[in-house]
S.K.: 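Just dropping this structure here.
Chain letters run A, B, ... following the sequence lines, proteins first and then strands; every chain starts at 1.
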Amino acid sequence: MSTEPKDKDLSRNLGEPLNFIEEIIEKDLAEGKNDGRVHTRFPPEPNGYLHLGHAASICLNFGLAQKYKGKCNLRFDDTNPITEETEYVESITEDVRWMGFTPDQILYSSDYFEQLYGFAVDLIKKGLAYVDDSTAEEIAAMKGTPKEPGKNSPFRERSVEENLDLFERMRKGEFAEGSKVLRAKIDMASPNMHLRDPFLYRIKHAHHHRTGDKWCIYPMYDMAHGQSDSIEKITHSICTLEFVPHRPLYDWLIEKLGIFPSKQYEFARRNFSYTVVSKRKLLQLVNEGHVSGWDDPRMPTISGLRRRGYTAAALRNFADRIGVAKRENVVDIGLLEFCVRQDLNKKAARVMAVLDPLKVVLTNYPEGKTEWMETVNNPEDESAGTRKIPFTRELWIERGDFMEDPPKKFFRLGPGRLGRLKSGFIIQVDDFVKDENGKVTELHCTYFPESRSGSDTSGLKPKATLHWVSVEHAIPAEVRMYDRLFTVENPLSGEKDFKEYINPDSLKVIKNALLEPALKNAKPGGSYQFFRLGYFTPDPDSTEDKLVFNRAVTLRDAWAKAKKKK
RNA sequence: UGGCCCAUGGUGUAAUUGGCAACACAGCAGUUUUUGGUACUGUCGUUCAAGGUUCGAGUCCUUGUGGGCCAACCA
């Protein structure tokens with residue numbers, strides 16, 4: 001405790017560099033803005049599942065609130081009733097919670113519909129908004145292009161009274177969908193397209209997931225987002241770069257309305273190699289059956305990664321490492337895998353599982369005998385304790401751990417070779433049996449009784465340690481081996497449609513893996529390291545008599561890498 | 001003949017705000033190891049270009065180049 005600095009606020013960032021948003025916040029704090037408050041928000045639209053990009057945004061917004069002892073709301077930006085659903089609200093809420101954050105408040109833009117309507121009326125009264133009867137095509141034609149100015153709508157100069165009347169009747173449902181819109185009256189010649197009399201309200205005779213049929217006019221993003229920020233007294237409204245051109249409109253509306261001046265700041269969206277993170281693309285993968293659903297373990301969705309066996313701690317650490325900036329980026333997904341391994345290495349219990357079994361018969365081991373061998377649960381965590389695993393005359397080992405004609409660099413089993421069975425005994429291969437196809441079906445070995453793990457007096461030094469499972473005690477399981485969903489770094493930049501780059505081997509199902517008996521009661525959410533194979537987690541598809549495991553990530557594998565190079 | 005944003009090793013970010021370009025991942029080589037895991041050590045490699053300001057520029061200015069964004073009754 002003596003090394004703990006007295007002044008927490010001062011020590012807060014000593015030594016660690018700030019990202020550009022933290023710099024803005026600290027400057028604001030130093031200048032006494034917002035009474036020293038920091039209030040952010042995470043504002044998803046409930047029209048899809050959250051993905052890796054959102055995970056980073058969640059960590060940013062909630063992380064900032066934590067760091068500066070502020071608040072962070074979860075606000076659903078639900079102003080488009082056509083695409084939004086309760087299912088998405090539920091998954092998003094769960095994902096945020098699972099990520100380890102608790103929103104200060106859970107709110108909805110739709111909570112503010114009445115207030116937002118009032119804001120619109122206020123703008124009309126100030127002569128800053130008007131009802132336009134033009135068709136969508138006419139409005140588009142009058143909009144101009146980025147290089148040419150637009151033209152004023154013939155309805156632009158309607159009187160305040162007429163606008164008020166029309167807008168009220170829009171609300172009452174007197175007009176057909178698409179027949180009228182409310183637009184801000186700004187500048188049709190602005191070089192910023194978003195200032196060319198942007199839409200504020202549109203008519204949609206649609207059922208809303210929360211307000212039901214109460215409304216038939218709905219505010220556009222620009223009429224809702226900044227105002228919601230303002231209503232919640234958000235101090236720092238953080239969004240992605242594509243909203244930069246919206247900022248003048250964000251500020252214009254707040255200024256004209258005379259409401260709390262929330263400020264918008266933008267950062268570059270994060271892209272990740274070997275995957276896609278656009279809701280439209282992800283929806284396609286789901287709808288076209290390329291994956292089993294939004295939570296398919298190959299999906300970059302938070303729910304998919306969770307099911308895959310990735311941990312929230314790994315995701316948080318990842319978000320922290322990739323940082324936040326304003327330039328285009330493609331984050332190496334290998335860094336996420338590194339974070340997952342790093343976290344799981346400390347937490348996951350080591351267990352024995354054989355994925356491609358090859359039988360070993362210890363010819364000098366008594367039939368019917370079982371020795372319960374003690375083994376460490378996690379060498380990285382002494383507090384994880386120990387357990388016992390059954391050792392018998394007949395065992396399963398990994399087929400890949402034996403070679404009939406091993407090269408020098410291969411130091412596992414071969415004819416005459418020694419091998420250490422983890423937490424068991426050292427064995428030597430005396431003979432092997434093949435079937436008519438030349439496939440090795442069985443190894444005949446002798447074991448060295450004096451080589452027992454922990455009390456080895458044999459003096460033998462095998463080069464490899466192998467995992468194994470007792471034939472008699474093994475429990476069967478299905479194991480789903482997941483790999484990256486795409487074969488190329490950027491599936492979107494190729495010549496072909498991104499789905500052409502889907503990795504045909506992104507899922508390999510092993511129907512008859514064999515596990516040590518201790519795994520009998522494994523439950524989804526748990527993390528295990530299958531010794532020497534990788535990190536695995538039970539899938540919710542598991543049943544009483546059939547366990548299903550998902551591979552989260554392999555172990556780093558120097559041998560596999562060396563083989564690949566050849 | 002539009003406006004805006006951006007540019008630092010292979011990747012992602014730093015650089016005490018004008019003072020010796022660094023951290024992580026990846027790569028390579030090695031040590032340790034009852035996981036070809038972990039841990040540890042070493043190593044490779046960086047300021048888009050050209051001018052300018054300055055004793056001094058990744059940082060400031062100008063121009064250029066390259067990339068991105070901006071038109072939806074989407075967010």
S.K.: Would you classify B:U65 as syn or anti? Syn applies when the glycosidic angle is within 90° of 0.
M.R.: anti
S.K.: Looking across every strand, which nucleic acid part, if any, lies under 4.0 Å from A:Y201 by heavy atom: base, sugar-phosphate, or nothing?
M.R.: nothing
S.K.: Round to the nearest Å and state the distance from A:Y218 atom OH to B:A72 atom P.
M.R.: 21 Å
S.K.: Under 4.0 Å, heavy atoms only, any strand: does A:H225 hit a base, just the sugar-phosphate, or nothing?
M.R.: nothing
S.K.: Check whether A:E398 reaches the backbone of A:L355 with its side chain - one donor and one acceptor, N or O, closer than 3.5 Å.
M.R.: yes
S.K.: Determine whether a donor-acceptor pair (one donor, one acceptor, N or O, separation below 3.5 Å) exists between the side chain of A:E148 and the base of B:U1.
M.R.: no
S.K.: Ring-plane angle category for A:W294 and A:Y49, please: parallel below 30°, perpendicular beyond 60°, tilted otherwise.
M.R.: parallel
S.K.: Among the candidates B:U35, B:G3, B:C70, find the nucleotide nearest to the side-chain atoms of A:R532.
M.R.: B:U35
S.K.: Expressed as a whole number of Å, how far does the C1' atom of B:G67 sit from that of B:A72?
M.R.: 25 Å
S.K.: Should the side chain of A:R556 and the base of B:G36 be counted as holding a donor-acceptor pair, with the cut-off at 3.5 Å?
M.R.: no
S.K.: What do you reckon, are the aromatic ring centroids of A:Y218 and A:F113 less than 6.0 Å apart?
M.R.: yes
S.K.: Using whole Å, report how far CH2 of A:W559 lies from P of B:U35.
M.R.: 17 Å
S.K.: Which part of the nucleic acid, if any, lies within reach of A:L555 when heavy atoms closer than 4.0 Å are counted: base, sugar-phosphate only, or nothing?
M.R.: base
S.K.: Ignoring the backbone of A:K204, work out which of B:C73, B:G12, B:G10 is nearest its side chain.
M.R.: B:C73
S.K.: May I ask you to say what A:G424 touches in the nucleic acid, namely base, sugar-phosphate or nothing, with a heavy-atom cut-off under 4.0 Å?
M.R.: nothing
S.K.: Identify the nucleotide, in any strand shown, that forms a Watson-Crick or G-U wobble pair with B:G2, with both distances under 3.5 Å; if there is none, say none.
M.R.: B:C70
S.K.: Measure up the A:F272 and A:F318 rings against each other and bin them: parallel (under 30°), tilted (30 to 60°), perpendicular (over 60°).
M.R.: tilted
S.K.: Would you mind classifying the nucleic acid contact of A:E177 as base, sugar-phosphate or nothing, using non-hydrogen atoms under 4.0 angstrom?
M.R.: nothing
S.K.: Quickly work out the A:L200 CG to B:A72 C1' distance and round it to whole Å.
M.R.: 16 Å
S.K.: Grab the CG-P distance between A:N490 and B:G12 for me, whole Å please.
M.R.: 12 Å
S.K.: Using Watson-Crick or G-U wobble geometry with both distances below 3.5 Å, tell me the partner of B:A24, or none.
M.R.: B:U11
S.K.: How close or far is atom C1' of B:U34 from atom CG of A:D401, stated in whole angstroms?
M.R.: 14 Å
S.K.: Counting the atoms with a prime plus P, OP1 and OP2 as sugar-phosphate, which does A:S134 contact under 4.0 Å by heavy atoms, base, sugar-phosphate, or nothing?
M.R.: base
S.K.: Looking at every heavy atom in both A:Q529 and A:A348, which two are closest together, and how far apart are they?
M.R.: N-CB, 3.8 Å
S.K.: Can you figure out which of B:A26, B:A75, B:U13 approaches the side chain of A:Y221 most closely?
M.R.: B:A75
S.K.: What nucleic acid atoms does A:V244 come within less than 4.0 Å of, heavy atoms only: base, sugar-phosphate, or nothing?
M.R.: sugar-phosphate
S.K.: Can you figure out which of B:C74, B:C5, B:A26 approaches the side chain of A:N80 most closely?
M.R.: B:C74
S.K.: Find the distance A:E328:CD to B:G68:P and express it as a whole number of Å.
M.R.: 7 Å
S.K.: Determine the Euclidean distance between corresponding C1' atoms of B:C25 and B:U46; express it in Å to zero decimal places.
M.R.: 15 Å
S.K.: Under 4.0 Å between any heavy atoms, over every strand shown, what does A:K279 touch: base, sugar-phosphate, or nothing? Just pick one.
M.R.: nothing
S.K.: How far does the C1' atom of B:U59 sit from the matching atom of B:U53, given to the nearest Å?
M.R.: 13 Å
S.K.: Rounded to the nearest 0.5 Å, what separation is found between the CE atom of A:M188 and the CG atom of A:N152?
M.R.: 6.5 Å
S.K.: Identify which one of A:Q227, A:R41, A:R75 satisfies the side chain to side chain donor-acceptor pair (under 3.5 Å) criterion when paired with A:E232.
M.R.: A:R75
S.K.: Taking the six-membered ring for Trp, does A:F531 stack with B:U35 (centroid gap under 5.5 Å, planes within less than 30°)?
M.R.: yes
S.K.: From the options B:G36, B:A75, B:A71, select the nucleotide whose nearest atom is closest to the side chain of A:R202.
M.R.: B:A75
S.K.: Could you give the CD-to-C1' distance, from A:Q264 to B:C4, as a whole number of Å?
M.R.: 13 Å
S.K.: Provide the Watson-Crick or G-U wobble partner of B:A75, both distances under 3.5 Å; none if there is no partner.
M.R.: none
S.K.: Nearest to the side chain of A:N345, which nucleotide is it out of B:A75, B:G2, B:G37?
M.R.: B:G37
S.K.: Could you tell me which nucleotide pairs with B:G36 by Watson-Crick or G-U wobble geometry, both distances under 3.5 Å, or answer none if nothing does?
M.R.: none
S.K.: Please determine, for the side chain of A:P146, which listed nucleotide (B:C70, B:C25, B:U34) has the closest atom?
M.R.: B:C70
S.K.: Can you check whether any acceptor in the base of B:G37 is under 3.5 Å from a donor in the side chain of A:E380, or vice versa?
M.R.: yes
S.K.: Taking the side chain of A:E84 as heavy atoms from C-beta outward, which of B:A75, B:U13, B:G36 is closest to it?
M.R.: B:A75
S.K.: So A:F243, base contact, sugar-phosphate only, or nothing? Heavy-atom distance under 4.0 Å.
M.R.: base
S.K.: Does A:N192 reach a base, just sugar-phosphate, or nothing at all? Heavy atoms under 4.0 Å.
M.R.: nothing
S.K.: In whole angstrom, give me the gap between the C1' atoms of B:A50 and B:C55.
M.R.: 23 Å
S.K.: Taking the P atom of each, how far is B:A15 from B:G30, in whole Å?
M.R.: 37 Å
S.K.: Please give the distance between the P atoms of B:G18 and B:C23 as a whole number of Å.
M.R.: 23 Å
S.K.: Considering every strand and a 4.0 Å limit on heavy-atom distances, what is the contact class for A:A136: base, sugar-phosphate, or nothing?
M.R.: base
S.K.: Once the angle between the rings of A:H246 and A:H194 is folded into 0 to 90°, is it parallel (under 30°), tilted (30 to 60°) or perpendicular (over 60°)?
M.R.: tilted
S.K.: What's the closest nucleotide to the side chain of A:M193 if the choices are B:C70, B:G12, B:G27?
M.R.: B:C70
S.K.: If each of A:A268 and A:T465 is mapped to the nucleotide of RNA chain B with the nearest heavy atom, which maps nearer the 5' terminus, i.e. the 5' end?
M.R.: A:A268
S.K.: Backbone N or O of A:G424 within a donor-acceptor pair of the A:S453 side chain at under 3.5 Å?
M.R.: yes
S.K.: Using the C1' atom as the point on both nucleotides, what is the distance between B:U47 and B:G10, in whole Å?
M.R.: 16 Å
S.K.: What about A:R420, does its side chain sit under 3.5 Å from the base of B:U34 through a donor-acceptor pair?
M.R.: yes
S.K.: In whole Å, I'd like the distance from the CZ atom of A:F338 to the C1' atom of B:C25.
M.R.: 7 Å
S.K.: Touch check for A:P379, heavy atoms < 4.0 angstrom, all strands: base, sugar-phosphate only, or nothing?
M.R.: base
S.K.: Please state the C1' separation for the pair B:U41 and B:G58 - nearest whole angstrom.
M.R.: 31 Å
S.K.: May I ask you to say what A:G150 touches in the nucleic acid, namely base, sugar-phosphate or nothing, with a heavy-atom cut-off under 4.0 Å?
M.R.: nothing
S.K.: Identify whether any heavy atom of A:T79 sits under 4.0 Å from a base atom; if not, whether one sits that close to sugar-phosphate; answer base, sugar-phosphate or nothing.
M.R.: sugar-phosphate
S.K.: State whether the side chain of A:R350 and the backbone N or O of A:F531 hold a donor-acceptor pair below 3.5 Å, judged by distance alone.
M.R.: no
S.K.: Tell whether A:S453 reaches the base of B:U34 with its side chain through a donor-acceptor pair below 3.5 angstrom.
M.R.: yes
S.K.: Quick one: does A:R350 reach the base of B:U35 with a side-chain donor-acceptor pair under 3.5 Å?
M.R.: yes
S.K.: Specify the residue among A:A558 and A:D222 whose closest nucleotide of RNA chain B lies further upstream toward the 5′ end.
M.R.: A:A558
